[in-house]
Participant: 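Pasting a structure here, questions to come.
Chain A is the first sequence line, chain B the second, and so forth, proteins listed ahead of strands; every chain is numbered from 1. If you're wondering where the values come from, they're calculated on a predicted model, not measured in any experiment.
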2 protein chains.
Amino acid sequence: MSAKITIYDIAKKLNITAATVSRALNNNPKISEKTRILVNETATKMNYKQNKLAQALKSGKSYNVGVIVPRIDSNFFASIIRGIEEELYAQGYHVIICQTNNNENMEIENINTLLNAQVDGILMSISNVSIQKNASFNRLLAKKIPLLFFDRKKNIEGVSSVTVNDFEAGYKATKHLIDEGCKRIAHLSNDRLFDIFKDRFLGYKQALIDNGLEFDDNLVIEIKSSIEDGKMATKQLLNMKNPPDAIFSSSDWSALGAIQELKSQGVKIPEECCVVGFSNEPFTEFMELSISSIEQFPVEMGKQAAKVFLEQVNNGADFTTEKKIVLTPKLHIRDSSSRRLALNKN
Amino acid sequence: MSAKITIYDIAKKLNITAATVSRALNNNPKISEKTRILVNETATKMNYKQNKLAQALKSGKSYNVGVIVPRIDSNFFASIIRGIEEELYAQGYHVIICQTNNNENMEIENINTLLNAQVDGILMSISNVSIQKNASFNRLLAKKIPLLFFDRKKNIEGVSSVTVNDFEAGYKATKHLIDEGCKRIAHLSNDRLFDIFKDRFLGYKQALIDNGLEFDDNLVIEIKSSIEDGKMATKQLLNMKNPPDAIFSSSDWSALGAIQELKSQGVKIPEECCVVGFSNEPFTEFMELSISSIEQFPVEMGKQAAKVFLEQVNNGADFTTEKKIVLTPKLHIRDSSSRRLALNKN
DNA sequence: TAAAAAAATGCAATCGATTACAGGTAAATA
DNA sequence: TATTTACCTGTAATCGATTGCATTTTTTTA
């Protein structure tokens, strides 16, 4: 009944060859108008649908793209994927999702299975800081299929990337805190082997220096991005003889943890301690005490990444000069760091 | 240099045929131990990787599964996809993401392109209430490839689904509000052509009836799931001569809008008006005034959906009896509806 | 009307892997 | 030693679509 219809079925019905059918369906100019119309009508009538798998095997193009992220259930990554999907769908591509859960082996494994599945490209946010030392990864590079980093990138020759200017973001956030009158600004960092965290840290440091504030190593704590870690680090900071009067966190989740800890210890926000987070997760805006945060425009980031990918596949393999797209971050100033405003009110 | 290695390359090198290579690699018992080892070693040495596309064409199994959701950048759907991906990846499947943006045509188009791509199954949350009347959709059913609904389902013969018990959820939420002493409970509903919204509404209504409260049509407003609509509807409710003392919203976003509107009009939450949302979005928990909400266990929902899919593909086409898995929702009682507690405090 | 040019279609190989069936070799049995 | 049996491996078709080259059909030109 619903046996799959192929071009051979159409050919048989019309007493012509599959070659002709194929050409007619693909608007090959060598086919007569009469045949073309006849074939197309018959195809519609028989409910023919092209088998993309067969086409992919023949042409070497699967029209599938792999996207590898640490996890999909974070607003940031989900938004990037949304951007990628929307941009690529319009060009006939499908997006295959892979999650690493920040597991380095999983990342390598994902790359391998995606390559086996013959994807036309891989867009990823790396989970593995030393990925360029990996054999599988180098095979990927050697294959000349487009590879793109977004957000968490590594500087690797020939690999394009779309990121936000993390240095600028760190600088902006810190400068803002300084402008609000803060003098001892702590920084909740993360693994600085990742460029994103290193750059946020460097921007933070530079802003301090540029504005005549002392940089104090003890005010920088390296943690994971979680509420728990944010609490813990804040506890540690508050225990110092000279506690900070502001916290710039490289994650909204640790910023939230910091706020919870500050509140539980009765520290007034923003009067006694300001907080700025990172990523502009939805909740930062909705809190009663809304959290200042850096917006990275993830949907746009995804779209840009998709566009660079499209350029690369369309221009063939001669994309030797990598493209580094850097978006400008935006600081959303909210309650958690509006110190001057709060002080003036009192 | 990195030309693709096929079984023919291995065959040539060893002076045997591709058939033997294929059998050796697949551990076919008819192959001698010696050859098997030799082939495997050579394959590793030559860095051979199986072309899944060719295998898929031959076997008719692509090991790709399509997932269609309204949008991916919502915590709820992203979590479901996370669950699906984790469960299916372990079995060698890849997940292809499609977004409909609640556009009915997009949904049909997605089904078609996924079928053309020869996916082994489709898991979806429907955007289209009258989908069963669509020709493409019926072609999908006729193809006998596993189809599964999650969350937004339709009762269609032969189609399995994984959902949460929305009736129970609506009932629980409403009962809770009644227990808190609320007498006039409003309901922010949504398009009740969708079962999920209809069931939440019915649960709400039944709870009222069972507890001797009058059901008032005017207290039920049908809106979209957004902050704006939540505000608007709440404004409307507060304008009534006899405004409600509780709002049960079928979405966290409209619940948030409701809260914002209540606050801006100086209505005390939960003392003068309680609010319960739906979906347990992360922000509901983090708000200063945390929002009570219904948890639907989306990751679990995704995993269950994946499992049902696996059962169906593995059992061949004889999955005539559909499976309807219904998860039990959980009500998280938080500040926004803890009326008795708040009243006792004063 | 015959020959040349142009247009349309067919033939067969290809993409890479799998598998029913046939064929060959070595070991076991008579 | 001749023959059966078991064990391996090879041949060739297949999945569905595409395409260079050959061939046939139609049209144009002499």
Participant: Would you mind reading off the distance between A/K12 atom NZ and D/dA17 atom P, rounded to a whole angstrom?
Facilitator: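 Rounding to the nearest Å, NZ of A/K12 and P of D/dA17 are 13 Å apart.
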
Participant: Okay, side chain of A/D9, backbone of A/T6: is any donor-acceptor separation there less than 3.5 Å?
Facilitator: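 At least one qualifying donor-acceptor pair exists.
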
Participant: Which whole-number value in Å describes the distance from B/I7 CD1 to C/dT18 P?
Facilitator: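 Result: 6 Å.
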
Participant: If the test is side chain to side chain contact (heavy atoms under 4.5 Å, CB included), which one of B/I126, B/N112, B/N102 qualifies with B/E107?
Facilitator: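 Result for side chain to side chain contact (heavy atoms under 4.5 Å, CB included) with B/E107: B/I126.
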
Participant: Counting the atoms with a prime plus P, OP1 and OP2 as sugar-phosphate, which does B/I16 contact under 4.0 Å by heavy atoms, base, sugar-phosphate, or nothing?
Facilitator: sugar-phosphate

Participant: Can you tell me how far P of D/dG16 sits from CG of A/D9, to the nearest Å?
Facilitator: 9 Å

Participant: Determine whether a donor-acceptor pair (N or O, by modelled atom type, separation under 3.5 Å) exists between the side chain of B/S62 and the backbone of B/Q118.
Facilitator: yes

Participant: Check the distance between C/dC15's C1' and B/L57's CG and give it to me in whole angstrom.
Facilitator: 9 Å

Participant: Just checking A/K13: does its NZ atom have more than 12 heavy atoms from other residues, nucleotides or ligands closer to it than 6.0 angstrom?
Facilitator: no

Participant: Determine yes or no for a side-chain-to-main-chain donor-acceptor pair under 3.5 angstrom, with B/S127 supplying the side chain and B/P70 the backbone.
Facilitator: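 Checking the backbone N and O of B/P70 against the side chain of B/S127, no donor-acceptor pair under 3.5 Å is found.
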
Participant: Round to a whole Å and report the spacing from NZ of A/K52 to C1' of D/dC15.
Facilitator: 17 Å

Participant: Donor-acceptor pair, B/S22 side chain versus B/A18 backbone, under 3.5 Å?
Facilitator: no

Participant: Does anything in residues 17-46 of chain B reach DNA chain C, meaning a heavy atom under 4.0 Å, and if so which residues?
Facilitator: B/A19, B/S22, B/R23, B/N26

Participant: Rounded to whole angstroms, how far apart are OH on B/Y8 and P on D/dG10?
Facilitator: 13 Å

Participant: Please report, rounded to the nearest Å, how far the P atom of C/dG10 is from the CG atom of A/L14.
Facilitator: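 Checked: the CG to P distance equals 10 Å.
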
Participant: CD of B/Q55 versus P of C/dT19: gap in Å, rounded?
Facilitator: 9 Å

